[in-house]
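Keep in mind the model is a prediction, meaning the values are calculated, not measured. So that the names make sense, note that chain A is the first sequence line, chain B the second, and so on, each numbered from 1.
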Amino acid sequence: MGAKSKGRIPRNKKKSWKKQVDISEVDEYLDDVRLQERFGGLVSEKESDEIFTIDKSPDEVNPDVLLRQKRPKRPKVDQDNLRCFQNLKGLPGAKVPVKHNYIKDKRPEYIKAKTNRKKAASELLAAVSNDIALKKGEEKKKQLPKDPWADDETADPAGDWLEPALRKMRRCRTEGTVRRPLYMRVKRSLLPAVEPPHAGQSYHPEAADHSALLEEAVLVEHKKEADFQRWERQTTAKFPSRRPTEADWIKEMSGGLGEDEEEKGDDEKSVTLVKKVPKPKTRQQRRKMREREVAERQRLAAVTTRRSENEVFRVRTIAKELRAREARTVERQARRLERQCARASQPLTLGRERFEPTSLELNLTEELPGSLRNIRVEGDPLQERFKSLQKRNIIEPRVRTTQKKKFKRKRFDRITASDREPNKLKTERNF
Amino acid sequence: MTGSGKMKKKYASGEASWYMTRKQALDKLQVNLRDFRRLCILKGIYPREPIKRTRAQKGSTEKKTLYYKKDIQFLLHEPLIWKMWDMKARHKKIQKSKGKRDFEGAQRLNKGRPKYDLDHLVKERYPTFSDALNDLDDPLSLCSLFAIMPTVSKLSEALVSDCRRLTVEFMHYVIESRALRKAFISIKGYYFQAEVQGIAVTWVMPHHFVYMRPENVDMKVMAIFSEFYTTLLGFVNYRLYHSLNLMYPPKLALTGATPTDTCMSTRELDDERVAALNTPLARARLPDDADDADDDAELALMAAAAGEELEEVRRRRQRTRRLQRLFAGCRVFIGREVPREPMVFAIRALGGTCSWDASCAPGATYSETDETITHQLIDRAMPQGAKKYTSRYYVQPQWVFDSVNCGDLRPVQLYFPGVELPPHLSPFKEEEVTWGEYVPPDKLKLLGQLQGTEQAAAEDGVGDNPSSDEDADEDQESADEKQEDEDNEESDGEEEDSDGGEEMEDESAEDSAKAKMKVTPGKIEKVDDRKDKMKESKEDFWMRARMIKKKDKHRFYKLLKRKKLMQEEARLLTKKRQIVEKEMAERKRQEKKQMKTALAQT
């Protein structure tokens with residue numbers, strides 16, 4: 001907003017301001033304000049909610065259209081004024097020399113009618129079946145997928161892998177699912193999920209059962225003790241001397257230090273460091289060696305030929321040997337199978353850690369409650385479940401690793417006064 | 001010369017190419033260890049032990065966790081893994097916005113986390129329903145354990161409540177189908193075994209005490225397991241309920257008549273009532289009783305399938321039938337000091353009804369003052385001044401479990417409060433191979449093998465106890481009842497089995513009365529199958545004995561000798577016992593006589 005620059009204008013008088021100053025903008029503004037007031041108040045004073053609405057629906061974009069590349073359009077051909085037909089223009093009544101390239105149906109009318117009817121019927125059928133399929137789909141959608149085994153009776157469990165490979169592949173591709181490999185259905189262990197409790201673990205057991213349980217527990221303890229003893233025997237007992245102390249270490253490290261000077265003089269006299277060099281062989285020696293080698297080789301060859309010739313007479317022995325070997329193989333196979341079977345009911349080594357069973361849960365004789373109310377619960381159910389999973393090779397035994405964050409300690413040397421003025425402070429410290 | 005091919009690389013084929021270490025798997029799947037573990041547990045993929053470790057690990061001797069390469073490739077196709085990748089990306093964004101201190105944004109991102117469901121895995125891992133039933137032990141045990149867990153920050157509340165709901169639903173199914181077979185109170189928890197569609201399902205219910213979580217259990221892993229198991233159990237329950245025409249989210253058949261508690265909303269109260277296990281469930285249609293008819297053809301089929309004798313199968317079926325009605329007619333009141341849930345479950349699963357003090361928990365159906373109560377479970381001394389009813393037996397809770405395992409109601413006087421209880425035997429104990437050695441009749445009785453002579457045992461019990469006249473009367477009553485029951489059962493079960501020979505004899509008697517000149521029907525020659533069979537089996541045995549190798553023969557005869565000795569010893573001991581018992585009875589009778597004479601004199 002500025003005054004018109006029509007030369008000089010006196011600006012100190014109100015009158016000249018009224019005459020000269022362009023107030024069209026102000027007028028416009030005021031008109032606009034009045035207009036807004038007529039239509040429900042000033043826009044600038046309104047809340048943004050009143051003026052704007054949030055567009056919640058996304059702009060509809062048809063990706064197909066966008067992605068399709070547009071081919072540049074051919075300009076429309078003016079059929080009337082084609083140059084190739086210009087000659088024809090002057091000849092009224094001439095036929096257009098364009099041949100329609102379709103084959104006329106020459107069949108008789110009644111056959112045509114028949115086919116038409118068939119076509120219509122098949123179309124109708126298709127439409128109906130389509131409807132049914134659609135309906136079925138809708139029904140499927142309506143039903144909650146609650147019973148995965150609804151078609152158990154109809155489905156053929158063996159059909160999965162009897163199906164021809166090609167068809168199966170095609171089906172998998174269309175369904176988009178990958179079949180679970182069959183070997184996964186083999187259980188990982190023969191052990192039961194819930195092991196039946198020992199009869200002695202009853203809250204009020206029979207004396208015989210309870211003592212059997214105690215005996216078992218004692219056996220476990222004995223085994224532990226025996227293990228400990230074994231380790232002791234194999235480690236500590238094997239090295240009867242006491243553990244080396246610091247004094248020992250010093251003694252060992254300084255061994256022979258004192259004696260060095262005395263021995264040095266002797267060494268210089270006695271030891272002469274001369275490397276022995278073997279004498280070179282003479283020609284004769286070499287020749288004789290070669291001859292010996294050749295003779296030996298010939299002898300060995302003769303022996304092997306003689307042996308192989310004599311093998312004929314060893315046929316029976318060889319047959320016997322073969323039989324023995326075969327028998328041994330069979331036996332070993334059986335043993336291997338046995339071992340594998342035994343593995344199926346034992347925890348395997350699945351990782352770094354070994355499976356460690358929980359201790360046997362038991363009540364000592366004096367702990368047995370007289371009634372259910374005073375029952376003394378032993379063992380932890382969650383731990384038992386956890387260990388059971390490990391025992392059945394479903395999860396690998398692990399030890400808990402707690403990661404402690406190690407912050408790097410910032411180290412810096414404090415600059416003390418002694419660093420600045422070493423001499424002075426030293427003297428001070430000496431006081 | 002033959003053309004020299006490419007040199008074979010070591011560890012390129014065979015066992016070395018079957019396996020993948022965990023690290024390699026993580027790299028291939030692009031997930032972190034936590035997600036990998038979750039994926040493996042959900043999909044049922046487990047680490048493997050190679051035949052030869054050095055070969056499988058391409059020469060390395062360190063013990064690594066190995067997986068089948070094929071397993072990992074299979075995991076790559078799992079839609080869950082896409083969700084995990086999404087989650088990973090989102091997690092990064094969340095971390096970033098947290099770093100920028102844009103907590104609102106982080107919250108928003110957290111809210112829109114991708115959700116996953118495990119429905120498709122159930123069918124994949126258990127292609128048939130029986131597969132799922134065979135694997136039900138684990139889910140039930142774990143879920144019933146999670147059901148009592150305190151909800152702490154690491155355990156989601158939804159998981160715990162799901163576990164609770166699902167186990168309760170399953171127990172309801174067992175109750176409705178009368179499927180309970182064995183029950184056992186161990187120091188570790190309550191063991192139950194049910195027969196669900198012919199498959200034995202065993203599970204442990206922990207004791208309901210304050211639960212302390214152990215230190216060395218990976219809670220995250222267990223939570224993942226229970227997450228999958230809740231999905232599985234949901235589907236299994238749904239199908240089981242429909243097999244009995246029960247409504248699936250279970251609804252009670254009766255609407256509550258008990259006063260409503262103001263603390264709970266009606267829905268909560270309904271849930272609690274369902275959890276109380278005390279009311280039958282609503283059915284879409286009443287079950288048809290076609291099952292009860294003894295189908296001989298079906299039995300024969302079953303026997304053939306199991307490779308057992310028809311008689312054996314029939315006897316077992318009769319036993320289960322009797323077990324299913326074990327507590328029929330029993331109205332039990334459970335004291336507040338007795339663990340409620342296992343007791344209610346055991347009683348209701350075998351046809352009984354029960355209730356408890358309404359102030360204990362919702363779901364009580366009758367009060368202690370009800371005169372129709374037949375048994376009251378009590379596990380402490382009767383409080384002073386409490387009213388004692390003569391119309392019911394006061395027994396300790398072990399009575400319920402022992403009765404279940406015995407297949408018959410145990411004599412109540414053995415379980416009276418204050419009496420030293422008989423040992424609680426395990427039904428899961430495998431039968432030992434016996435040499436015919438002596439087993440005291442008390443033990444046989446406990447094992448439930450001597451059910452016929454229970455009456456005598458009851459009488460013995462009376463003699464032992466210094467009991468009042470009233471008690472003695474009660475005992476007599478109970479014994480009578482028992483006898484009646486047995487009679488009924490015999491008439492129920494063995495009608496078909498009754499001998500044809502007897503009828504024949506009756507007829508012949510009538511005939512003789514009519515006329516002597518008439519032609520009397522010939523008697524059918526009885527063929528004693530059992531004797532023949534015994535003979536045959538004996539012959540078989542000795543034939544087999546001849547097949548024993550010469551070097552083992554010595555041992556075989558030694559065993560036979562031992563068996564013979566044992567049997568002889570047993571015979572002597574039983575004889576001795578009989579004599580002693582006779583003496584005791586005689587003495588008792590004389591004592592009684594003396595008492596009577598003394599009384600008469602006074």
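- If you tally non-hydrogen atom pairs under 4.5 Å between each of B:Ser426, B:Pro50, B:Gly234, B:Pro214 and chain A, the highest count goes to B:Pro214.
- Here the straight-line distance linking atom SG of B:Cys40 with atom CZ of B:Arg22 works out to 9.5 Å at 0.5 Å rounding.
- Looking only at atom types and distance, the side chain of B:His424 has a donor-acceptor partner in the side chain of B:Asp402 under 3.5 Å away.
- No donor-acceptor contact under 3.5 angstrom links the side chains of A:Gln201 and B:Ser186, judged on distance only.
- Of the listed residues A:Pro197, A:Gly379, A:Ser371, A:Ala207, the one with more heavy-atom pairs under 4.5 angstrom with chain B than any other is A:Pro197.
- Of the two parts of A:Glu367, neither the backbone nor the side chain holds a non-hydrogen atom closer than 4.5 Å to a non-hydrogen atom of chain B.
- Looking at A:Arg376, only its backbone comes within 4.5 Å of chain B, counting heavy atoms on both sides.
- Heavy-atom pairs under 4.5 Å with chain A peak, among B:Leu421, B:Val122, B:Thr202, at B:Leu421.
- Defined by atom type and a distance below 3.5 Å, a donor-acceptor pair is present between the side-chain atoms of A:Arg392 and A:Ser388.
- The pair A:Lys391-A:Glu384 fails the salt-bridge criterion, with no side-chain N (NZ, NE, NH1 or NH2) lying under 4.0 Å from an Asp/Glu carboxylate O.
- Rounding to the nearest 0.5 angstrom, the gap separating the CG atom in B:Asn134 from the CZ atom in B:Phe129 is 10.5 Å.
- With respect to chain A, the highest number of heavy-atom pairs below 4.5 Å among B:Met149, B:His242, B:His207, B:Glu420 belongs to B:His207.
- For chain A, the nearby part of B:Pro206 is the side chain; its heavy atoms alone come within less than 4.5 Å.
- Residue with the most contacts toward chain B among A:Met184, A:Gln340, A:Arg398: A:Arg398 (heavy-atom pairs, distance under 4.5 Å).
- Among B:Phe74, B:Phe428, B:Phe146, B:Trp203, the residue making the largest number of heavy-atom pairs under 4.5 Å with chain A is B:Phe74.
- Comparing B:Asp218, B:Leu142, B:Val338 by how many heavy-atom pairs each has under 4.5 Å with chain A, the most go to B:Asp218.
- The choice from A:Gly370, A:Ser202, A:Ala193 that makes the most heavy-atom pairs within less than 4.5 Å of chain B is A:Ser202.
- Salt bridge B:Asp131/B:Arg125: absent, no basic N to carboxylate O contact under 4.0 Å.
- With rounding to the nearest 0.5 Å, the separation of CD in A:Glu361 from CG in A:Asp380 is 9.5 Å.
- The contact between B:Arg37 and chain A is made entirely by side chain atoms (from C-beta outward), counting heavy-atom distances below 4.5 Å.
- Within 6.0 Å of CD on A:Gln234 lie more than 12 heavy atoms contributed by other residues, nucleotides or ligands.
- For B:Arg48, the parts lying under 4.5 angstrom from a heavy atom of chain A are both the backbone and the side chain.
- Proximity to chain B (any heavy atom under 4.5 Å) is shown, for A:Pro381, by both the backbone and the side chain.
- The most heavy-atom pairs under 4.5 Å with chain B, out of A:Gln383, A:Arg400, A:Glu353, come from A:Gln383.
- Ranked by heavy-atom pairs under 4.5 Å with chain A, the list B:Lys188, B:Lys63, B:Glu62 is led by B:Lys188.
- Heavy-atom distances place the side chain of B:Gln396, and not its backbone, under 4.5 Å from chain A.
- For the residue pair B:Glu78 and B:His120, a side-chain donor N or O sits within less than 3.5 Å of a side-chain acceptor on the partner.
- Most heavy-atom pairs under 4.5 Å with chain B, from the set A:Leu348, A:Leu350, A:Leu362, A:Ile395: that is A:Leu350.
- Using modelled atom types, one finds a donor on one side chain and an acceptor on the other under 3.5 Å when comparing B:Asp135 with B:Tyr126.
- Neither the backbone nor the side chain of B:Pro79 comes within less than 4.5 Å of any heavy atom of chain A.
- Inspection of the B:Gln57 and B:Tyr19 side chains reveals no N or O donor paired with an N or O acceptor under 3.5 Å.
- There is no contact between A:Lys387 and chain B, counting heavy-atom distances below 4.5 Å.
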